Amino acid sequence: MPELPEVETVRRQMENLLLGTIITKNTCRHARYQVPDLTGCVITGVRRRGKYLLLDIQDRGVLLMHLGMTGQLLWNAEIKQHVHFELSTNKGTLYFRDPRRFGFVRLLEQGDSVPRTLRRLGQEPGEELSVKKAAAILIKGQSPIKARLLDQRAVAGIGNYLADEALHAAKVHPACRAVTTRQAMRLVRAINKIVMLSIEHGGVSERDYVHLDGGRGGYQNLLRCYGRNGKPCFNCGTELTKIVVAGRGTTFCPKCQKI
DNA sequence: ACTACGTCCTGCGAGC
DNA sequence: TGCTCGCAGGACGTAG
């Protein structure tokens, strides 16, 4: 469930703690979190692209991390169960917990080609995003619009809750296969707005996601659609409905979001 | 090329 | 009370 706002929130905290530190040890406890020994290397950058975290490791490459569904990055892990990767530095240790092991950690060595999924990522949400360009990608194709929002190619970093929230805000039916340019532009603007707001509130802490210090985000209390099935739509009072689109649980308002 | 679907994995809550 | 079962979903592989 960690989506762009959640990853960005931990990125900011990691940047404060890890930038300029020296790695003293790294421990890998599972194949999905396998990284060569980085002892002595300096962390020179803490970046994010979509839902991926990228730690620049001086003279070695980039440490690529994805939180998957249940991934947690913790500065001091109280619960050691499901900790698959540890990165110790001269300032402290970063623990990667991931009960369901959908996440991963790997090192992109200097000279390695950039993985395809990273290359295919669309624009980052934000003020510099070209709404027209993203909308042009979004209107292409025959799949349900929600599937196209989730495939990362129009805008990077969207997951299930951002998709449901944006579709509701833009009044587009999640199963709609033919969206207009006008609808697509509404969607992209909604994404921008929701991403910004969610980051401001430290993201959504619904089940597993927590901050580096174990703290929780607050945006789960401001969700207008996702997870509110059976409850009234804030716009029209109609009961929100849950269906499956693109294999994902999808909540929407049958009155506001018509095909 | 695009689209659809199965797979990975564990915790949790509903229902009996 | 204790069990089983279904569901949660990001990315990827494969099939059509």
Side-chain angles (χ1 to χ4, degrees), chain A residues 1-11 28-34 48-54 64-73 77-85 96-106 108 113-122 124-125 136-167 174-179 191 195 198 203-210 216-217 220 223 225-230 240-252:
Chain A
M1 231 284 292
E3 305 180 20
L4 190 153
E6 290 70 38
V7 180
E8 176 61 20
T9 300
V10 291
R11 187 204 69 77
C28 311
R29 310 191 187 281
H30 190 275
R32 283 180 71 88
Y33 312 80
Q34 208 66 49
R48 179 191 56 74
R49 184 76 176 91
K51 301 174 203 171
Y52 295 87
L53 276 166
L54 300 96
L64 187 65
M65 302 199 249
H66 196 292
L67 298 177
M69 266 290 293
T70 57
Q72 301 175 330
L73 287 165
E78 283 159 23
I79 308 166
K80 290 289 169 67
Q81 202 186 10
H82 305 304
V83 170
H84 307 303
F85 177 75
F96 193 135
R97 262 197 95 221
D98 189 7
R100 264 153 76 185
R101 307 209 294 265
F102 275 27
F104 65 85
V105 180
R106 65 184 261 217
L108 299 181
S113 60
V114 178
R116 203 175 64 118
T117 41
L118 225 58
R119 278 203 315 267
R120 282 160 57 111
L121 284 181
E124 288 292 324
I137 297 169
L138 224 40
I139 60 168
K140 272 188 257 173
Q142 302 299 312
S143 53
I145 185 63
K146 177 159 177 182
R148 279 178 266 160
L149 283 174
L150 292 174
D151 81 10
Q152 309 298 308
R153 282 181 289 183
V155 181
I158 299 175
N160 210 31
Y161 91 75
L162 285 175
D164 279 10
E165 291 295 295
L167 286 160
C176 179
R177 290 171 188 268
V179 295
I191 290 162
V195 163
S198 185
V204 170
S205 286
E206 203 200 18
R207 298 190 177 79
D208 301 281
Y209 173 74
V210 288
R216 293 164 58 80
Q220 66 277 8
L223 293 170
C225 182
Y226 176 86
R228 294 192 63 248
N229 46 303
L240 298 178
T241 305
K242 189 165 184 180
I243 55 173
V244 174
V245 180
R248 299 287 169 257
T250 300
T251 304
F252 75 109

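What you see is a predicted model, and the numbers here were worked out from it, not measured in a lab. In what follows, chains carry the letters A, B, and so on, assigned in the order in which the sequence lines appear, proteins first and then strands, with residues in each chain numbered from 1. Just so it is clear, the values below take in all heavy atoms, side chains as well, and ignore hydrogens, waters and symmetry mates.
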Give the rounded distance in Å between these two atoms: [atom1] of [X] and [atom2] of [N].
X        : N      : atom1 : atom2 : result
A:Tyr226 : C:dA8  : OH    : P     : 9 Å
A:Leu67  : B:dC8  : CG    : C1'   : 17 Å
A:Leu150 : C:dA8  : CG    : P     : 14 Å
A:Arg32  : B:dT7  : CZ    : P     : 16 Å
A:Gln152 : C:dA11 : CD    : C1'   : 9 Å
A:Ile145 : B:dA4  : CD1   : P     : 13 Å
A:Arg148 : B:dA1  : CZ    : P     : 18 Å
A:Asn160 : C:dA11 : CG    : P     : 12 Å

Fit a plane to each ring of A:His84 and A:His30, take the angle between them on a 0 to 90° scale, and name the class: parallel (under 30°), tilted (30 to 60°) or perpendicular (over 60°). tilted
Write down the atom of A:Gly157, the atom of A:Gln152, and the distance for their closest heavy-atom approach. N-OE1, 2.7 Å
Closest non-hydrogen atom pair between A:Glu124 and A:Arg48, with its separation: OE1-NH1, 2.8 Å
Among [options], which is the nearest nucleotide to the side chain of [X]?
X        : options                : result
A:Pro144 : C:dC12, B:dA4, B:dC9   : B:dA4
A:Ser143 : B:dG11, B:dT3, C:dA11  : B:dT3
A:Arg207 : C:dA11, C:dA8, B:dG11  : C:dA8
A:Glu3   : B:dG11, B:dT3, C:dG10  : C:dG10
A:Lys51  : C:dC12, C:dA11, C:dA8  : C:dA11
A:Thr117 : C:dG10, C:dC12, B:dG11 : C:dC12

May I ask you to decide if A:Tyr209's main-chain N or O and A:Glu6's side chain share a donor-acceptor pair within less than 3.5 Å? no
Indicate, yes or no, whether a donor-acceptor pair under 3.5 Å links the base of B:dC9 to the side chain of A:Arg101. no
With hydrogens left out and only the distance checked, is there a donor-acceptor pair under 3.5 Å joining A:Arg248's side chain and the base of C:dA8? no
Does A:Lys242 reach a base, just sugar-phosphate, or nothing at all? Heavy atoms under 4.0 Å. sugar-phosphate
Is the count of non-hydrogen atoms from other residues, nucleotides or ligands lying under 6.0 Å from A:Arg106 atom CZ greater than 12? no
